[in-house]
Amino acid sequence: MTNISCIFCSIIAHNLPARFAGENEECVAIWDLNPQAPIHILVIPKEHIRSLHEVESSHAGLLQSLISLIQKLATEHHLDGDGYRIVSNIGKHGGQTVDHLHIHLLGGRQLNWPPG
Ligand code: AMP
Ligand code: ZN
């Protein structure tokens, strides 16, 4: 299911341009337009799901695909040695600005904690 007013659905349908970083059957990965680290990739399910909060048990396979694409990309970009961070913002207080589930994959520098 796609949502015609959703930026990520449009990118997945190739109706909006993006720099693709990878893909598997259920997910795509694009380079973030406004990178916060040397490597900043968004891993996005092809299905329009609003956020991780809406994920259900029927999405178990999709979650496995998301994680396996994250692992593959992290390895490809040599982040597995020093480590990396994954983040998924949920709703207003979480700082979510695109209402289509996505996981930020951030790495290539020392990341700080706690987040802002
Ligand atoms: P969030 O604020 O957690 O919902 O993350 C949305 C992310 O999408 C932000 O880091 C934006 O920089 C990024 N973004 C928004 N539009 C695009 C786009 N057209 N292509 C790539 N990244 C985008
Ligand atoms: Zn969408």
Side-chain angles (χ1 to χ4, degrees):
M1 266 176 294
T2 58
N3 178 331
I4 51 164
S5 60
C6 169
I7 299 174
F8 289 168
C9 283
S10 299
I11 288 173
I12 290 158
H14 297 281
N15 291 328
L16 262 187
R19 219 179 122 210
F20 282 82
E23 178 169 12
N24 65 18
E25 204 174 307
E26 297 188 85
C27 307
V28 299
I30 62 170
W31 291 92
D32 198 291
L33 261 191
N34 183 23
Q36 302 302 314
I39 303 294
H40 187 173
I41 295 171
L42 304 173
V43 184
I44 310 171
K46 292 178 185 174
E47 178 181 342
H48 182 89
I49 300 168
R50 191 178 151 81
S51 79
L52 264 190
H53 193 72
E54 279 71 36
V55 165
E56 300 171 355
S57 53
S58 62
H59 294 125
L62 185 149
L63 285 180
Q64 178 58 56
S65 289
L66 265 180
I67 300 295
S68 90
L69 187 51
I70 289 167
Q71 291 169 340
K72 180 169 180 276
L73 290 164
T75 303
E76 268 174 30
H77 294 286
H78 312 291
L79 302 180
D80 44 339
D82 286 337
Y84 56 95
R85 184 173 295 167
I86 61 170
V87 176
S88 196
N89 297 322
I90 299 173
K92 179 170 161 278
H93 278 189
Q96 184 175 9
T97 58
V98 178
D99 287 339
H100 179 136
L101 168 62
H102 52 283
I103 311 286
H104 297 257
L105 165 59
L106 297 148
R109 67 168 172 85
Q110 180 63 53
L111 298 165
N112 301 318
W113 193 262

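Since this is a predicted model, take the numbers as computed values, not measurements. In each ligand, atom 1 is the first atom listed, and ligand 1 is the first ligand listed.
- Among protein heavy atoms, the minimum distance from atom 2 (O) of ligand 1 is reached at T97 OG1, 2.6 Å.
- For V87, the heavy-atom gap to ligand 1 stays at 4.0 angstrom or more.
- Centred on the Zn ion (ligand 2), the SG atom of C6 and the ND1 atom of H48 lie at an angle of 110°, reported to 10°.
- Here the shortest heavy-atom distance to atom 15 (C) of ligand 1, taken over I44, V98, L106, belongs to V98.
- No other N/O/S atom of H100 lies as close to the Zn ion (ligand 2) as ND1 does.
- One finds a salt bridge joining K46 and E23 here, because a Lys/Arg side-chain nitrogen approaches an Asp/Glu carboxylate oxygen to under 4.0 Å.
- Each of the atoms 20 (N), 21 (C) of ligand 1 lies under 4.0 Å from some heavy atom of I30.
- Protein heavy atom in closest approach to atom 5 (O) of ligand 1: H102 NE2, 2.9 Å.
- Contact annotation: the side chain of R109 approaches that of P38 to within less than 4.5 Å [non-hydrogen atoms, C-beta and beyond].
- Residues H40 and Y84 place their aromatic rings such that the two centres sit no closer than 6.0 Å.
- Ring to ring, W31 and H104 are not that close: their centroids are 6.0 angstrom or more apart.
- Ligand 1 has at least one atom lying under 4.0 Å from a heavy atom of H104.
- Within the 4.5 Å cutoff, side-chain heavy atoms of P45 are placed close to those of L66.
- Within the listing of ligand 1, atoms 8 (O) sit less than 4.0 angstrom from a heavy atom of F8.
- Side-chain contact between I39 and L106 is absent, with no heavy atoms from C-beta onward closer than 4.5 Å.
- At least one side-chain heavy atom of L62 sits less than 4.5 Å from a side-chain heavy atom of I49.
- Across the listed options D32, D99, L33, I90, D32 owns the non-hydrogen atom lying nearest to atom 9 (C) of ligand 1.
- Under a 4.0 angstrom heavy-atom cut-off, Q36 registers as lying outside contact with ligand 1.
- Atoms of ligand 1 lying under 4.0 Å from at least one heavy atom of N34, given by number and element, are 12 (O).
- Counting the atoms of ligand 1 from 1 in the order shown, those under 4.0 Å from a heavy atom of W31 are 21 (C).
- Annotation for C27 and L69: closest pair CB-CD2, 3.9 Å, computed over non-hydrogen atoms.
- For G95, the closest heavy-atom approach to ligand 1 falls below 4.0 Å.
- Annotation for F20 and I11: closest pair CZ-O, 3.6 Å, computed over non-hydrogen atoms.
- Remark: ligand 1 and Q96 share no N or O pair separated by less than 3.5 Å (distance only, no angle test).
- No side-chain N or O of S68 forms a donor-acceptor pair with one of Q71 less than 3.5 Å apart.
- Aromatic ring orientation, H100 versus F8: perpendicular (interplanar angle above 60°, classes split at 30° and 60°).
- What sits closest to atom 8 (O) of ligand 1 on the protein, heavy atoms only, is L42 CD1, 3.5 Å.
- At a heavy-atom cutoff of 4.0 Å, ligand 1 is contacted by no atom of L16, backbone or side chain.
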